[in-house]
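Some notes on the structure that comes next.
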Amino acid sequence: MLRDELIAGEQLRETESELRGRWPTGADADFEDAVEFHESLPGHKRFAEVLESADDPLLQPRAGIPRLDDQVELLRYLETEGGADLLPTTIDSYTRDNEYEKAAEGLADARDSGDDTLNGFPAVNHGVDACRDLIRSVDAPVEVRHGTPDARLLAIVTLAGGFQSFEGGPVSYNIPYTKEHDLEETIEHWQFVDRLCGAYTERGVRINREPFGPLTGTLVPPAIAIAVMILEGLLAATQGVRSLTLGYGQVGNVVQDVAALRALRDLGEEYLPDDVVATTVFHEWMGGFPPDEARANGVIGLGGATAALARPDKVITKSPQEFQGVPTREANAAGLRTTRQLVDMMLEQEIVIDGIDEEQEIIERTARSLVETVFSHGDGDVAQGTVAAFESGALDVPFAPSDSAAAAVLPARDDDGRVRVLEWGDLAVPDEVKEVHGARLDQRARTEGRSRSFRMVADDVDAISDGKLIGRPTASDGDTGGPGDGVGPQGGESDAD
Amino acid sequence: MLRDELIAGEQLRETESELRGRWPTGADADFEDAVEFHESLPGHKRFAEVLESADDPLLQPRAGIPRLDDQVELLRYLETEGGADLLPTTIDSYTRDNEYEKAAEGLADARDSGDDTLNGFPAVNHGVDACRDLIRSVDAPVEVRHGTPDARLLAIVTLAGGFQSFEGGPVSYNIPYTKEHDLEETIEHWQFVDRLCGAYTERGVRINREPFGPLTGTLVPPAIAIAVMILEGLLAATQGVRSLTLGYGQVGNVVQDVAALRALRDLGEEYLPDDVVATTVFHEWMGGFPPDEARANGVIGLGGATAALARPDKVITKSPQEFQGVPTREANAAGLRTTRQLVDMMLEQEIVIDGIDEEQEIIERTARSLVETVFSHGDGDVAQGTVAAFESGALDVPFAPSDSAAAAVLPARDDDGRVRVLEWGDLAVPDEVKEVHGARLDQRARTEGRSRSFRMVADDVDAISDGKLIGRPTASDGDTGGPGDGVGPQGGESDAD
Amino acid sequence: MARIGADTHMGQTVILGVIGSDAHVVGITILEQALTAAGFDVENLGVQTAKAEFVSAAAAEDAGAVLVSSLYGHARQDCQGLHEQLAEAGCDAITYIGGNLAVGQNDWAETEQTFRTLGFDRVFDAETDPEAVVASLERDLDMTATEPERASVNT
Amino acid sequence: MARIGADTHMGQTVILGVIGSDAHVVGITILEQALTAAGFDVENLGVQTAKAEFVSAAAAEDAGAVLVSSLYGHARQDCQGLHEQLAEAGCDAITYIGGNLAVGQNDWAETEQTFRTLGFDRVFDAETDPEAVVASLERDLDMTATEPERASVNT
Ligand code: B12
Ligand code: B12
């Protein structure tokens, strides 16, 4: 039965060897050999060390394309031309689905055609040696970024391949990323991943783990994201992970973002064991971007400015081409440099903003209540509690596509642009908190002269891509019309009839 | 003798008719006819009305190219693709020097070659009808932006041509813009310009006047800029100007910028007559830009964010190509949209920053002392006092190229990035204020382990273009080396030897 | 655009889903809401929906339209053969596809052509306003009612 | 770069100024400071300096180098004939130009060629680090001392 307990060494080895048989490249992933490879890496390629010892926020982009040499070139470009401090390798969707066969086809196709026919780097297909080539060819630490519910084989191959940081977690890579994966099973799979990282850690190779904070990226109430980070952090710590980077995705309201980052840091310290080094990562806006690079630069600008105020350990940058598709390397590097300029210009300034403590207090209260409900749902066992709490809806994520989540929570912005909750579903939150949210949303409803409804949610989802923070009704919206997009009809269809 | 007194109607007419004879196009600038043309303009082309009645900051770019049809096309583009609320027409350098002959050559050259061989729109050469064509062809109010010490003929032609706002002033378009123009004479020339605007105003055509707040654009201490704005505002008010937009150029420290904008607004209200409607304009960073569009977008981002916090009535935007040269229209529009996105995302948020009152207090105290010294230098006459105060150095502008200014004041940033004064020259500032600045600069010197010197100034001048706010010494700087550029040697020379 | 009463499209079932292993759910959530508000009967298959699921749902409901969403960049691969399977199942529904249809910064005209060739009646980019989808569907579904030969275009 | 003692260049007068009606003063202020610190005798003519003033100052001081700055986009027009006038005045100084040398977003190679053709020995863009100017001057002025034929390049 699923329990939040250390996987026995024997079981680890057994599962590992079974998994290594699932795809030919698994055979090369020898643990001892891997430890040796990691030990051969210089200090500036050791992810946990570099991140934990940095004075200022480090910048990291997202980037992954199918072919090895292209990926190396891309990463080098982001390092030299973008000034990235930490590098990523984003994995393709087929690999995330464990469809290595399809990924192989895609990779072959990419090699033949020269096109990027996969949306990421199929690391399992490339195998251990190719990964080591990649690690050797760049000058910064590299993280595996993906979205894989069952990332066990991916972890085996990439960690043996010299990657020192691994993104994801059982909740954050299930709930936003899949429909049918069972949450209980996903937790088991991630316990294996964390245990593997723990095994490296025991041998002195402190693999960094980074739960994916932004979740669905779309108006996620900070407390929900923070609770998930704490839970995944606890599960990872049990398996021996000692370097944890807790994540948070910008919501766009400066006070709320700074408060949330602080709450994340404080609750991380409070809940995680003392022998874990916890750092934080701030993701620039993860929701829908404006379909215009100039406006997108404005969104990135607010991200950089917020990062400078919130001072996370790491910032994941966006590119001005986010709306359109996987960015060119130039656009990706541009996003890094725009962010860097803003962060560096603001970092030396002392800017103290009012009202952060109050917001932090309400975020912490809510997040604590969610974490505690998981404890009680599982009679003290975090693994069991997480499954049970999602089942009951006591823990929930808005816009979650997963069958394992109720997705009954609906967020909307208040009159100040802070993300509040419009529909709570069965979320385990104290009544006083609900009252605060309700009052704020009522205030917005009054300002806008309309009632609280899904229309607000739909309008808010589009707001930033339409150039505003809050999805106010526009003059052109009819009384019974569809969701206003704030800018009026745009874009669209293209048909030749 | 120069006095701050209303120019008599007769003298206005006399000077006007003399000036109209200086260049053939002057003949068409008939005042009565012009009043009629202005009256024919719809409300949304009336500059003062549009600006003064706006709820949110309006955005305006800079833009001027030689040929009329190109300029119209450019302005329309900035309106439709950039979303500019207010339009500019930037005048070329020859016209600014009253070298209409050379401007004519440049214009002919531009027409022949199709190249933009002038750095702006030679409005005097184009004449009244062409200006009216321009005004008719666009859908927003248009301002004349220039840098002309003797702008009398330019004002005659452009105001008759339907422009409703006119930038500049006797100090702000002399001290930063010329070497040899005599300040006393420049004041007389601007009294004429203001009187002409006043004459339109009396007839119901409220011409908006905008003293140029950024001055040399380079680390100008806010109090100096504000004092100049008050003085130019007073001089303009005497001549009957009733719509005044006081300007301020971003220094890059958020607290100082917000404080300065507030001080400008408050002192404007305090010193200017009640019948003047005073508005404010915030210029995005006017100093050296990074030689990289992505980084430039970061600078623009901080400008937009600061504008959203300071809430001026108008924002003058920069383009990501500022470093390189006159921007393409696409880049110009991009600067507008990046700013718009940031402003709109932040405007609905209430962000209250600490310490603004203290900074505002010190800025106001300093600015007041400068304004008062002018009053006393002139025995109560602002015009005389301005000349005398610049002569004595009691009023001064850093990096002023003009022989009329001492340019003895040297600014440098403190440890928080606020602009302070390193060398005061004879600036009329209370000792307590000097002590505050001194203490702050000493603190920086200690942080950097070097003494206060011109090196700091040089480093600060380059800092933003090198990616930082403060010009800290870098590891690569030798003890006796030249000014560090923060990024290391770059750019440069290109020789074929 | 004049709004058409909410009951006009009663009975016109529209199948909606995200194809392949794509999990981007926000777009179809918004679309479902807009279509429902406009009176369509929407069957939302959710994310990560296989081709076969689209086909069987369309056949079972005798759907007027099949709306395929794809954001993650693998749309072309995922839609291969969809129209052949729909035809085999005797389904003559109008088919739309929308979202972010290519990996990377591709040329839209090219992308559009790709999906027209695959058999889609209309191809929508990611800037699509939900109201535009409603308007198109209203047009196309009324059209199929009066001009039945329209269906042959798809088979 | 190893620094050369501050007295090395004593007596080597360098003329510095902004040409035409350009008033951008910050660049030459920084350059003056760097050149002075490096031991050059700098005669700073300031902004809005006419061609003739450059020529008479260079002749009067028997200058080793004439440094022309231009930021505002009219450099080409403003420098027309400068080298001919310098030659007439019997001045064989090294000439540099630097700053923002064209209106708009021009191609640098083309811009550089324009000013080489006008007679400048070196052309510097606006990214120039003052230390690079010092280094070039040190090189070029020492060179003229030992290789006098260098001057003929300019006449
Ligand atoms: C939020 C988001 C996520 C969230 C999704 C959460 C969730 N479960 O929904 C998370 C973070 C989990 C995520 C994951 C991934 N994402 Co994502 N994501 C986005 C983002 C930022 C916004 C999407 C969104 O919600 N928009 C708001 C909604 C309302 O708009 P929409 O989805 O576009 O839908 C509208 C229209 O497109 C249209 N429409 C959509 N479908 C249809 C169908 C029809 C028939 C019609 C008529 C119209 C229509 O109407 C809708 C309503 O207006 C976009 C970039 C962007 N657009 O800014 C990237 C983006 C779509 N993602 C991308 C990628 C690559 C991924 C990943 C593969 C990799 C990764 N980054 O981890 C994974 C994929 C996981 C998976 N298996 O699917 C790429 C796709 C690249 C491409 N196509 O070339 C994008 C463009 C980002 C980028 N620039 O790289 N993502
Ligand atoms: C500050 C500034 C102003 C201030 C100048 C105040 C003053 N009196 O100095 C003000 C606001 C008054 C101003 C006015 C104008 N400006 Co202006 N200004 C700038 C800005 C933002 C910074 C210039 C600066 O001080 N840089 C910092 C110093 C340290 O660097 P620098 O000047 O480039 O000098 C360095 C190098 O270029 C090099 N260098 C310079 N000269 C030389 C010479 C030699 C021999 C060598 C070796 C090296 C060298 O070394 C220097 C030290 O590192 C630039 C854009 C930018 N660069 O970001 C525009 C810019 C130069 N201005 C421009 C223009 C058009 C004008 C105006 C005509 C129009 C206007 N906007 O009002 C007027 C001109 C007035 C006039 N008669 O000259 C354009 C020029 C366009 C072009 N060349 O294509 C620019 C590029 C802005 C733009 N993108 O449109 N400006």
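No experiment lies behind these values; they were computed from the predicted model shown.
For B:Y177 against D:Q48, the heavy-atom pair with the smallest separation is O-NE2, 3.2 Å. Of all non-hydrogen atoms in B:P401 and D:V47, the two that sit nearest each other are CB-CG2, 3.5 Å. Residues D:R76 and B:T117 share a closest heavy-atom pair of NH2-CG2, 4.3 Å.
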Legend entry - Verdict with supporting geometry, B:V457 and D:Q33, side-chain contact (heavy atoms from CB on, under 4.5 Å): CA-CA 11 Å; B:V457 183; D:Q33 182 255 354; over 6 Å; no
Inset, instruction - Start with the C-alpha distance between D:V25 and B:T216, add both sets of side-chain angles, then the distance that settles side-chain contact (heavy atoms from CB on, under 4.5 Å), and finish with yes or no. - result: CA-CA 9 Å; D:V25 76; B:T216 50; 5.6 Å; no
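With sequence neighbours excluded, the residues that form a side chain to side chain donor-acceptor pair (under 3.5 Å) with B:D92 are B:T95. Shown here are the salt bridge (Lys or Arg N to Asp or Glu O under 4.0 Å) partners of B:D70, two or more places apart in sequence or in another chain: B:R67. B:E167 is linked by a side chain to side chain donor-acceptor pair (under 3.5 Å) to B:R145, B:Y173, counting only residues two or more places apart in sequence or in another chain.
No other option in B:T178, B:D115, B:I65, B:D109 has as many heavy-atom pairs under 4.5 Å with chain D as B:T178.
Taken to the nearest 0.5 Å, the CZ atom of B:F323 stands 6.5 Å off from the CG atom of D:D125. Between atom CG of residue D:N100 and atom CD of residue B:Q324 there is a gap of 6.5 Å, rounded to the nearest 0.5 Å. Atom OG1 of D:T36 sits about 9.5 Å away from atom CZ of B:F454, to the nearest 0.5 Å.
By the 4.5 Å heavy-atom criterion applied to side chains, D:Q77 and B:Y94 are counted as neighbours.
Within the 3.5 Å criterion, the main-chain N or O of D:Y72 finds a donor-acceptor partner in the side chain of B:N119.
Listed by sequence position, B:D97 are the residues of residues 96-108 of chain B in contact with chain D, using a 4.5 angstrom heavy-atom cutoff.
The contact between B:P176 and chain D is made entirely by backbone atoms, counting heavy-atom distances below 4.5 Å.
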